[in-house]
Amino acid sequence: MGPRMVIAMSGGVDSSVVAALMVKAGWDAVGVTLQLRSCDDRMASRSCCSADGITQARAVAGALGIPHYVLDCRETFLDRVMRPAWAEYEQGRTPSPCLHCNREMKFGYLGEYAERIGAERIATGHYARVLRVGDDVHLLRGVDRAKDQSYFLSDLSPEQVARLELPLGALTKPEVRALARDLGLVTAERHESQDICLAMEGLGFPESLRQRFDKDTRPGNFVDTTGKVLGPHEGFHRYTIGQRRGLGIALGARAYVIGLRAEDAAVILSTEEADLHSSGLRASGLHWYTAPPQRCEAQIRSRHPGAPARLEFQGDGTVLVHFDTPQSAVTPGQAVAFYDGERLIGGGWIDAAI
RNA sequence: UGGGGAGUCGCCAAGUGGUAAGGCAGCAGGUUUUGAUCCUGCCAUACGAGGGUUCGAAUCCUUCCUCCCCAA
């Protein structure tokens with residue numbers, strides 16, 4: 001048997017296929033499911049972290065003849081992902097819990113576990129590619145650009161990236177599903193799980209956090225760009241830059257949230273879509289997988305295609321990212337991922353639009 | 001209680017005799033491993049209330065009610 005590898009198994013199709021492929025490839029595979037939430041936490045049964053997911057993962061591991069363990073990391077998840085996310089909302093920023101979860105849980109907590117059991121690699125079902133060139137590890141976008149998830153990995157440390165194995169990055173979703181059928185995996189027909197590992201049933205992420213931590217609603221006003229009060233809103237945490245639905249206020253035209261002011265919990269609205277555009281952003285918490293470039297593409301949210309930009313490094317460790325053409329809804333708290341073509345070359349966190 | 005104006009979906013607003021546009025908000029889906037964005041669908045048997053004219057009225061007449069403005 002080959003070297004040891006930990007497979008992060010959620011109980012879904014993707015990670016099941018990963019496990020099967022890695023076993024086939026001769027790795028000494030160990031399936032692990034992270035339990036992030038309590039079953040009584042009002043979560044949907046299809047959640048990636050639910051009892052159902054654990055059951056499915058165990059079944060697949062059993063069928064493949066590999067060990068399967070469940071790591072109870074509910075407290076860690078609460079402390080490292082959920083609590084910080086709420087803190088972001090309180091500051092008028094919009095958190096990116098999936099990136100934190102990847103860094104802290106799937107490759108942090110699970111990474112430590114892997115180290116303890118002597119595993120060389122961690123494999124997950126993310127749609128991104130790992131390319132090893134000598135000792136150098138390149139993280140590339142998924143071949144299926146519509147499913148590409150490399151953005152969500154952009155906060156991993158170089159050390160975490162070095163141990164990655166992402167077998168699905170060269171495949172499309174239909175191909176993965178077909179593989180699952182061919183391999184006879186019981187999870188072949190499972191539906192996609194969406195954002196349910198974060199939100200409570202029917203509530204949405206921000207409101208779930210508020211209730212989970214029993215925080216105040218923080219009332220305040222909608223104001224326009226001149227500072228004029230337009231009316232009360234329903235809680236500061238419920239809004240994010242670029243949002244236009246769920247505002248509950250009719251201005252006669254589409255209104256967008258263009259700013260959040262934490263001091264007085266004001267939500268700034270504008271009916272001019274142009275007010276959403278920014279010529280650039282300031283980012284901190286930077287890390288690079290290559291030498292920092294002068295130019296690259298900057299991706300500022302999950303489905304953003306990436307925009308060509310010039311980087312201007314500041315003395316304090318932050319960087320100013322100047323887009324070639326203005327981008328919409330630059331949002332503090334979201335990650336910015338830097339690409340050179342297909343290759344993810346670094347990442348950071350958006351602090352402000354400029 | 002003199003003069004003028006207005007009352008159509010939660011908000012704004014078309015419609016001036018022929019059988020209720022549209023926008024915003026809202027709701028329901030879709031897309032999406034974050035929040036958003038985006039896409040699709042739904043959303044007034046009803047036009048402040050009563051009476052009348054008419055084959056037929058939100059649209060004409062009339063009474064009442066309510067708002068607003070200008071005078072006092």
Side-chain angles (χ1 to χ4, degrees), chain A residues 8 10-15 34 36-37 44 46-49 53 77 81-82 84-86 88-107 124-128 142 144-155 166 168 173 190-199 202-210 222 230-231 233-260 267 269-271 273 276-277 299-305 327-337 349-350:
Chain A
S10 67
V13 208
D14 292 338
S15 55
L34 299 179
L36 304 175
R37 300 279 303 274
R46 297 184 323 190
S47 168
C48 57
C49 358
F77 181 66
V81 178
M82 299 296 257
W86 175 256
E88 291 276 83
Y89 278 119
E90 284 191 313
Q91 295 172 53
R93 293 163 59 95
T94 304
S96 296
C98 286
L99 277 103
H100 286 113
C101 185
N102 282 332
R103 185 193 58 207
E104 298 294 332
M105 308 307 299
K106 292 182 184 158
F107 301 101
T124 72
H126 287 97
Y127 283 85
D144 184 350
R145 190 60 174 259
K147 286 293 288 183
D148 170 45
Q149 292 174 321
S150 57
Y151 173 82
F152 293 102
L153 302 175
S154 67
D155 197 38
L166 307 174
L168 304 189
K173 187 73 186 192
R190 292 202 89 203
H191 292 299
E192 293 294 307
S193 67
Q194 236 53 282
D195 48 15
I196 39 193
C197 43
L198 292 162
L203 277 188
F205 183 50
E207 182 60 15
S208 297
L209 284 177
R210 189 188 70 75
F222 288 119
L230 301 170
H233 65 233
E234 295 180 10
F236 191 59
H237 62 291
R238 308 191 12 156
Y239 306 95
T240 184
I241 306 295
Q243 180 176 341
R244 95 176 179 79
R245 302 208 64 103
L247 300 180
I249 188 169
L251 300 182
R254 288 182 172 183
Y256 295 86
V257 173
I258 64 165
L260 297 168
V267 176
L269 260 32
S270 172
T271 53
E273 206 174 338
L276 231 35
H277 294 323
Q299 180 173 340
I300 58 173
R301 71 174 63 83
S302 61
R303 302 315 310 168
H304 183 247
Q327 300 297 304
S328 186
V330 172
T331 308
Q334 295 288 292
V336 53
W349 295 93
I350 299 173

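Residue Ala329(A) is out of contact with every strand shown, counting any heavy-atom pair closer than 4.0 Å. Ser328(A) comes within 4.0 angstrom of nothing in the nucleic acid, heavy atoms only. Looking at heavy-atom distances under 4.0 Å, His126(A) makes contact with a base. Residue Leu247(A) is in sugar-phosphate contact alone, with no base atom involved, counting any heavy-atom pair closer than 4.0 Å across all strands shown. Counting non-hydrogen atoms under 4.0 angstrom, Gln149(A) reaches a base of the nucleic acid. Among the atoms of the strands shown, none is found under 4.0 Å from any heavy atom of Gly333(A).
Listed for the Gln243(A) side chain is a donor-acceptor partner under 3.5 Å among the backbone atoms of Arg245(A). Counting only distance, with no hydrogens or angles, the side chain of Gln334(A) and the backbone of Thr94(A) share a donor-acceptor pair below 3.5 Å.
No side-chain heavy atom of Gln327(A) sits less than 4.5 Å from a side-chain heavy atom of Arg301(A).
Taking the ring centroids of Tyr239(A) and His233(A), they lie under the 6.0 Å cut-off.
G35(B) atom C1' lies 12 Å from atom NE2 of His237(A), rounded to whole Å.
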Taking Watson-Crick and G-U wobble contacts under 3.5 angstrom, with | marking pairs to another strand and [ ] crossing pairs, the secondary structure of RNA chain B is written .(((((((.[[[..)..(...]]].(((((.......))))).....[[[[[..)....]]]]]))))))..
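Anti is the classification of U34(B), since its glycosidic angle lies more than 90° from 0.
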List every contact pair, protein side and nucleotides 38-44 of chain B side both N or O, where the distance is under 3.5 Å.
from	atom 1	to	atom 2	distance (Å)
C38(B)	OP1	Tyr256(A)	OH	3.3
C38(B)	OP2	Arg244(A)	NE	2.8

